[in-house]
Amino acid sequence: MKIDFFRSYCLKKTGTTESTPFDENTLCFQVGGKIFAIIDIELFESVNLKCDPERAVLLREQYEGIQPGYHMNKKHWNTVSFDGSIADSLILELVDHSYELVYAGLPKNVKEQLSQ
């Protein structure tokens, strides 16, 4: 997967913004001010994605390229490798899952603003 494709995929989601709040190499994709994906712009080796805790464990057991979230709450975040061991279709499905989890947790008024 190429970084340009990944970036466009994330930005097409309703209400998504991007920023580099930690440093100039760490790009975060957010909805309603809450992060759903984090990548390193220079290396683009992996992405941190939010995940349902039970599913997170199952994915880690099933795929070597999915590990507990690097520098994140390991119960709710996975680091997914772009080394080719994880199909692009699964990565995109996990991006969708992360976005949906974060969006679902937003206050009603924020969701209403995003849908306008």
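Bear in mind that the values here come from a model prediction, so they are computed numbers and not experimental data.
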Gap between atom CD1 of Ile41 and atom OG1 of Thr20 - 0.5 Å precision
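Taking OG1 in Thr20 and CD1 in Ile41, the distance rounds to 6.5 Å.
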As an exercise, state the distance from NZ of Lys13 to OG of Ser98, rounded to the nearest 0.5 Å.
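Here the interatomic distance stands at 9.5 Å.
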Is a side-chain N or O of [X] found less than 3.5 angstrom from the main chain of [Y], in a donor-acceptor match?
{"X": "Thr79", "Y": "Tyr70", "answer": "yes"}
{"X": "Lys111", "Y": "Gly105", "answer": "no"}
{"X": "Asn73", "Y": "Lys75", "answer": "yes"}
{"X": "Asp40", "Y": "Glu45", "answer": "no"}
{"X": "His97", "Y": "Leu92", "answer": "no"}
{"X": "Ser115", "Y": "Glu112", "answer": "yes"}

Do [X] and [Y] share a hydrophobic cluster (ILVMFWY, side-chain heavy atoms under 4.5 Å, transitive)?
{"X": "Ile38", "Y": "Ile3", "value": "no"}
{"X": "Val102", "Y": "Ile91", "value": "yes"}
{"X": "Val57", "Y": "Leu101", "value": "no"}
{"X": "Trp77", "Y": "Leu58", "value": "no"}
{"X": "Phe5", "Y": "Ile39", "value": "yes"}

For [X] and [Y], work out which heavy atoms get closest and say how close.
{"X": "Pro68", "Y": "Lys74", "answer": "CB-CD, 3.6 Å"}
{"X": "Ile35", "Y": "Cys28", "answer": "CD1-SG, 3.8 Å"}
{"X": "Ser85", "Y": "Gly65", "answer": "OG-CA, 3.6 Å"}
{"X": "Ile86", "Y": "Asp83", "answer": "N-OD1, 4.4 Å"}

Looking at Glu93 and Arg55, does any basic side-chain N land under 4.0 Å from a carboxylate oxygen?
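Arg55 and Glu93: salt-bridged.
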When you look at Leu49 and Val95, which way does the side chain to side chain contact (heavy atoms under 4.5 Å, CB included) test go after all the steps?
CA-CA 7 Å; Leu49 297 169; Val95 168; 4.0 Å; yes
Can you tell me if CD on Glu18 sees more than 12 non-hydrogen neighbours from other groups inside 6.0 Å?
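Result for CD/Glu18: enclosed.
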Heavy-atom count check: over 12 atoms from other residues, nucleotides or ligands less than 6.0 Å from Arg7 CZ?
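Not buried by this count: 12 neighbours or fewer within 6.0 Å.
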Ring centres under 6.0 angstrom apart (Phe82, Phe6)
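Here the rings of Phe6 and Phe82 have centres that are less than 6.0 Å from each other.
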Looking at residues at least two apart in the chain, or sitting in another chain, which of them share a salt bridge (charged side-chain N to carboxylate O under 4.0 Å, His left out) with Glu100?
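Checked Glu100 against salt bridge (charged side-chain N to carboxylate O under 4.0 Å, His left out); zero matches.
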Do Pro107 and Val110 come within less than 4.5 Å of each other through their side chains, counting heavy atoms only?
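Yes, their side chains come closer than 4.5 Å.
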Establish, for the pair Lys50 and Phe36, whether the NZ or CZ atom is under 6.0 angstrom from the six-membered ring centre and no further than 45 degrees off its axis.
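No; the conditions do not both hold, so Lys50 does not lie above the ring face of Phe36.
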Going by atom types only, do Asp96 and Tyr9 share a side-chain donor-acceptor pair under 3.5 Å?
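Side-chain D/A pair, Asp96 to Tyr9: present.
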Before you tell me yes or no, could you show the steps for Asn78 and Asn48 under side chain to side chain contact (heavy atoms under 4.5 Å, CB included), namely the whole-Å CA-CA distance, both residues' side-chain angles and the distance that decides it to 0.1 Å?
CA-CA 6 Å; Asn78 280 336; Asn48 279 355; over 6 Å; no
Let's go through Leu59 and Cys51 carefully: what are the C-alpha distance in whole Å and the side-chain angles of both, what is the deciding distance for side chain to side chain contact (heavy atoms under 4.5 Å, CB included) to 0.1 Å, and is it a yes or a no?
CA-CA 10 Å; Leu59 288 166; Cys51 191; 3.9 Å; yes
Show your working on side chain to side chain contact (heavy atoms under 4.5 Å, CB included) between Leu94 and Val47 and close with a plain yes or no.
CA-CA 10 Å; Leu94 295 174; Val47 58; over 6 Å; no
